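Worksheet for the structure shown next.
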2 protein chains.
Amino acid sequence: MSLSHALLGLLAVEPASGYALTKSFELSLGRYAWHAGHTSIYPELGRLAERGLVEVTSEGARGSRTYAVTPAGREELRSWLLQPPKQSGKVRNEEVLRMFLLSALDPADAKIVLGHVAESTAAAAAGLREIRAAHEGSSFRGPEGFGQLAAEFGLRQYEAVHEWAVWAMAQLEGDQTTNSPA
Amino acid sequence: MSLSHALLGLLAVEPASGYALTKSFELSLGRYAWHAGHTSIYPELGRLAERGLVEVTSEGARGSRTYAVTPAGREELRSWLLQPPKQSGKVRNEEVLRMFLLSALDPADAKIVLGHVAESTAAAAAGLREIRAAHEGSSFRGPEGFGQLAAEFGLRQYEAVHEWAVWAMAQLEGDQTTNSPA
DNA sequence: GACCCCATGTAAGACGTTACATGATTGT
DNA sequence: ACAATCATGTAACGTCTTACATGGGGTC
């Protein structure tokens, strides 16, 4: 299960509570890479603690527990990241699914959808460019840098999808006039 | 559940058996957009048939049943594709997760992983370029065209990730010499 | 006849989502 | 005081995965 590695990865950057991790999933990780809610995260933290991969380093107000990775956890994370994935994993992404099924629509409808995609990806890319500008010049390691490689990754994805959507609209335009009967 | 829409989408392009749909998932859809095995697909086809969104149009050898979308199914698919997603759905992608957690590694290890990524994305992109060349000039609708928008989508994604990986390696290089102590 | 692929199915268990629930602390 | 947010947890339900199971049809 990848949830465990997602948690190890976040905790490897800096210790956090289950609640804080839940927020991280909502704001960044969960949007692009791996979704999880607090009802999955809390029990998983417990299991990781049992396996000795994380530990509670402090307890704060309202019963909050701050977790940190142990050396064993860091090693587990490292080997998971370094091992080349044997075969492509199991992907689930509703947005991408929509894009794959576009050909099932007639061109007029497809262009409507592509227009929405072009808009939303442009907006998302603009947002990430602001984030990137805010972090300019800082190092790529540590909590600060954590988001940087990821943000650039997301930005380039959005740009690619945006350009694809624009391209696809143009193709459908041409296809409609060239290939459709009368 | 998006599996139902994935099936409607594939069947909207051309009728197929559960077995053939399973193959489609293995070869294309499942790699990028939505994973599912035959043990999910068969029961779901049954449920779609009960709801009148698909129907069995013929039965062939070895008990195979060919399904096709009904007009109601086509309408359901259309409205699902056209409705702008209210809020970003639940994404799961182990590859992307790895990329997001790279900052948890030290730069030397991160560069190894990025090297693998750069290689595999280059290979995948090359494969898709061949597919694209094979389909050049044909229409974007119908079974032939189905893969074209999708293939181009995949190609641009791979190219974007490849360029990101190359960029990230260069950044880590610079970061190591500029920002690390001593 | 042997083997491989086609084609579908069932069932146990793991996993995840949704809804419900509780209480502490902070801000106004 | 009140509301919002912090912080965690339980339980029921639904979905998915894994393993097992069966038999027809084509090919050598």
Side-chain angles (χ1 to χ4, degrees), chain A residues 1-7 10-11 15-27 29-31 33-51 54-68 85-94 97, chain B residues 1-7 10-11 15-27 29-31 33-51 54-68 85-94 97:
Chain A
M1 193 188 3
S2 298
L3 174 55
S4 55
H5 296 108
L7 291 170
L10 289 175
L11 292 176
S17 67
Y19 186 86
L21 290 166
T22 303
K23 292 291 170 189
S24 291
F25 273 86
E26 276 171 23
L27 296 174
L29 249 205
R31 294 198 178 285
W34 203 268
H35 171 270
H38 81 278
T39 52
S40 304
I41 292 169
Y42 287 122
E44 186 62 32
L45 283 171
R47 286 189 287 266
L48 288 170
E50 270 177 36
R51 292 166 57 196
V54 303
E55 61 187 357
V56 176
T57 53
S58 75
E59 311 204 358
R62 278 161 289 188
S64 85
R65 292 182 295 278
T66 301
Y67 289 88
K86 1 143 210 292
Q87 53 179 19
S88 57
K90 290 160 187 180
V91 169
R92 296 228 154 139
N93 187 325
E94 194 172 306
L97 178 59
Chain B
M1 194 191 359
S2 297
L3 173 57
S4 55
H5 296 109
L7 291 171
L10 289 175
L11 292 177
S17 67
Y19 186 85
L21 290 166
T22 303
K23 292 289 169 189
S24 290
F25 273 86
E26 276 171 23
L27 296 173
L29 250 204
R31 295 198 176 286
W34 203 268
H35 171 270
H38 81 278
T39 54
S40 305
I41 291 169
Y42 288 121
E44 185 63 31
L45 284 171
R47 285 189 288 267
L48 287 170
E50 271 178 34
R51 292 166 58 197
V54 303
E55 59 187 358
V56 176
T57 53
S58 74
E59 311 203 358
R62 279 160 286 188
S64 85
R65 293 182 293 278
T66 301
Y67 289 88
K86 348 129 221 308
Q87 55 179 18
S88 56
K90 291 159 185 180
V91 169
R92 296 228 153 140
N93 188 326
E94 196 175 303
L97 177 59

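Since the structure is predicted, the reported quantities are computational estimates derived from the model, not experimental observations.
Atoms CD (A/E44) and C1' (D/dT8) sit 16 Å apart, rounded to a whole Å. Rounding to whole angstrom units, CD1 of residue A/I41 and C1' of C/dC15 are separated by 15 Å. Rounded to whole Å, atom P of D/dT15 lies 14 Å from atom NE2 of B/H5. Distance CZ (B/R65) to P (C/dC6): 17 Å, rounded to an integer number of Å. The separation between B/Y42 atom OH and D/dG23 atom C1' is 13 Å, rounded to whole Å. The separation between B/E59 atom CD and D/dG25 atom P is 13 Å, rounded to whole Å. Across the protein-nucleic acid pair, A/R92 atom CZ and C/dG16 atom P stand 11 Å apart, rounded to whole Å. Spacing between atom CZ of A/F25 and atom C1' of D/dT8 amounts to 17 Å, rounded to whole angstrom units.
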* Stepwise, does the side chain to side chain contact (heavy atoms under 4.5 Å, CB included) test hold for A/S58 with A/T66? -> CA-CA 5 Å; A/S58 75; A/T66 301; 3.5 Å; yes
* Asked: Step by step, would you call A/L21 with A/L45 a side chain to side chain contact (heavy atoms under 4.5 Å, CB included)?
  -> CA-CA 10 Å; A/L21 290 166; A/L45 283 171; 3.9 Å; yes
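Set against D/dA19, D/dG24, D/dT8, the side chain of B/R62 has D/dG24 as its closest nucleotide. In the set C/dG9, D/dT17, D/dA7, D/dT17 carries the atom at the smallest distance from any side-chain atom of B/H35.
A donor and an acceptor atom never sit less than 3.5 Å apart when one is taken from the side chain of B/S40 and the other from the base of D/dT17. Interface remark: the A/T39 side chain does form a donor-acceptor pair with the C/dT18 base, using a distance-only criterion of under 3.5 Å.
Using a 4.0 Å cut-off between charged nitrogen and carboxylate oxygen, B/E44 and B/R47 count as a salt-bridge pair.
Between B/Y19 and the phosphate of C/dT8, there is no side-chain N or O to OP1/OP2 separation shorter than 4.0 Å.
Between the CZ atom in A/R31 and the NZ atom in B/K90 there is a gap of 13.0 Å [rounded to 0.5 Å]. Atom-to-atom distance recorded for A/R92:CZ and B/E94:CD is 13.5 Å, nearest 0.5 angstrom.
Map A/L3 and A/H38 each onto its nearest nucleotide of DNA chain C; the residue landing nearer the 5' end is A/L3. In terms of position along DNA chain D, the nucleotide closest to A/K90 lies nearer the 5' end than the nucleotide closest to the other residue of the pair A/K90 and B/A61.
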